[in-house]
Amino acid sequence: MELTYYGQSCFSVTIKGKKILFDPFITPNELAKDIDVSSIEADYILVSHGHQDHVYDLVDIAKRTGAKVVTNFEIMSWLGDQGIENVHPMNHGGKWDFEFGTVKYVNAIHSSMLPDGSNGGNPGGFVIMSDEGNFYFAGDTALTVDMQLIPRIAKLDFALLPIGDNFTMGVDDAIVAADFIDCQKIMGVHYDTFGFIEIDHEEAKRKFKEAGLELHLLDIGETRDL
Ligand code: NI
Ligand code: MN
């Protein structure tokens with residue numbers, strides 16, 4: 001499985017030749033100014049919640065690529081109002097088999113309003129299960145004991161956890177989350193994009209290492225084979 005990081009909580013994975021983009025927010029991100037949004041391909045776009053730093057480029061990329069958007073029912077309705085009909089609605093606890101693998105929509109503790117004030121439903125995360133590996137994208141969330149259910153869903157190969165603090169978990173809580181989800185390999189997301197969530201990279205990596213975990217902080221635009 002190949003993973004490319006686009007900053008904040010936006011990344012894409014390729015599974016079975018299908019490109020799956022998550023939480024598209026690139027254009028307003030100063031740190032991602034070298035990313036050409038118009039060159040990003042997608043067969044699927046998974047959206048965790050309605051906040052601008054997760055959906056800013058969603059409508060444009062969905063229209064250009066024709067990708068199927070997988071998200072909660074309320075965000076689906078909002079997309080419909082903007083002429084995007086290729087959408088698969090989900091809600092918490094549900095799973096569905098797509099051509100690249102199975103997606104389960106799981107709990108997140110956060111809020112979810114769309115940029116125009118529309119109802120963004122309740123925020124979620126995704127567990128992706130595929131022949132090429134399993135992973136968990138937590139979305140924006142606090143540390144929650146609900147994460148202890150994740151090992152019952154899948155044995156994870158890696159997870160993407162927010163580590164920027166203030167709006168989501170910070171590093172210390174993400175280390176507890178890694179224990180809850182029984183996963184050693186963590187990709188940090190949702191950090192550095194704006195002042196409230198700037199972190200000390202070396203300190204974060206050291207804390208994870210001391211806990212017997214790996215914290216990977218990818219460069220924006222970097223692709224990893226996982
Ligand atoms: Ni958010
Ligand atoms: Mn956010």
Side-chain angles (χ1 to χ4, degrees), residues 3-13 20-33 35 37 40 42 45-62 69-79 89-92 103 105-128 135-144 146-147 150 159-174 177-178 181 186-199 201 204 215-218 220:
L3 183 148
T4 302
Y5 182 53
Y6 293 114
Q8 188 65 346
S9 294
C10 183
F11 63 98
S12 119
V13 296
I20 307 139
L21 180 68
F22 291 76
D23 284 8
F25 166 84
I26 298 150
T27 304
N29 186 354
E30 258 306 296
L31 303 176
K33 61 182 188 314
I35 302 292
V37 180
I40 294 176
I45 306 173
L46 272 58
V47 180
S48 66
H49 69 292
H51 287 157
Q52 175 160 273
D53 59 316
H54 301 258
V55 302
Y56 187 92
D57 293 302
L58 171 59
V59 171
D60 283 353
I61 296 175
V69 183
V70 180
T71 188
N72 69 37
F73 190 83
E74 290 78 7
I75 295 175
M76 181 201 75
S77 303
W78 178 77
L79 288 169
M90 296 190 78
N91 218 325
H92 301 84
V103 174
Y105 190 59
V106 296
N107 294 352
I109 302 284
H110 193 65
S111 57
S112 177
M113 183 174 74
L114 287 151
D116 64 3
S118 300
N119 178 8
N122 288 315
F126 296 101
V127 178
I128 313 294
F135 69 94
Y136 167 51
F137 168 51
D140 279 7
T141 185
L143 175 65
T144 160
D146 289 351
M147 291 169 178
I150 301 239
L160 299 106
L161 301 180
I163 56 169
D165 221 324
N166 192 70
F167 297 116
T168 67
M169 297 189 286
V171 167
D172 295 328
D173 283 354
I181 64 175
I186 305 299
M187 314 281 150
V189 295
H190 214 274
Y191 64 94
D192 283 359
T193 312
F194 17 80
F196 295 121
I197 61 173
E198 277 172 18
I199 67 158
H201 292 205
L215 176 66
H216 299 265
L217 301 177
L218 274 63
I220 294 175

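Counting starts at 1 for both ligands and their atoms, following the listed order. This chain uses plain numbering: 1 for the first residue, then up along the sequence. Here the structure is a predicted model, which means the values were calculated and not measured.
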Are the aromatic ring centres of F25 and H51 under 6.0 angstrom apart? no

Using the rule side chain to side chain contact (heavy atoms under 4.5 Å, CB included), only one of S9, S48, P123 pairs with D140; which is it? S9

Give a yes or no on whether the ring-centroid distance for H54 and H110 is below 6.0 angstrom. no

Parallel, tilted or perpendicular for F126 and Y105, by the 30°/60° rule? tilted

Could you name all protein N, O or S atoms found under 2.8 Å from the Ni ion (ligand 1)? H49 NE2, H51 ND1, H110 NE2, D140 OD2

Does the side chain of Q8 come under 3.5 Å of the side chain of D53 through a donor N or O and an acceptor N or O? yes

Are any of the side-chain heavy atoms of L3 and L160 separated by less than 4.5 Å? yes

Heavy-atom distance under 4.5 Å between the side chains of F11 and V13, does that happen here? yes

Distance flag, aromatic centroids of F22 and F137, threshold under 6.0 Å: yes

Using 2.8 Å as the cut-off, count the protein N, O or S atoms closer than that to the Mn ion (ligand 2). 4

Heavy-atom closest pair, residues A174 and P162: CB-O, 4.0 Å

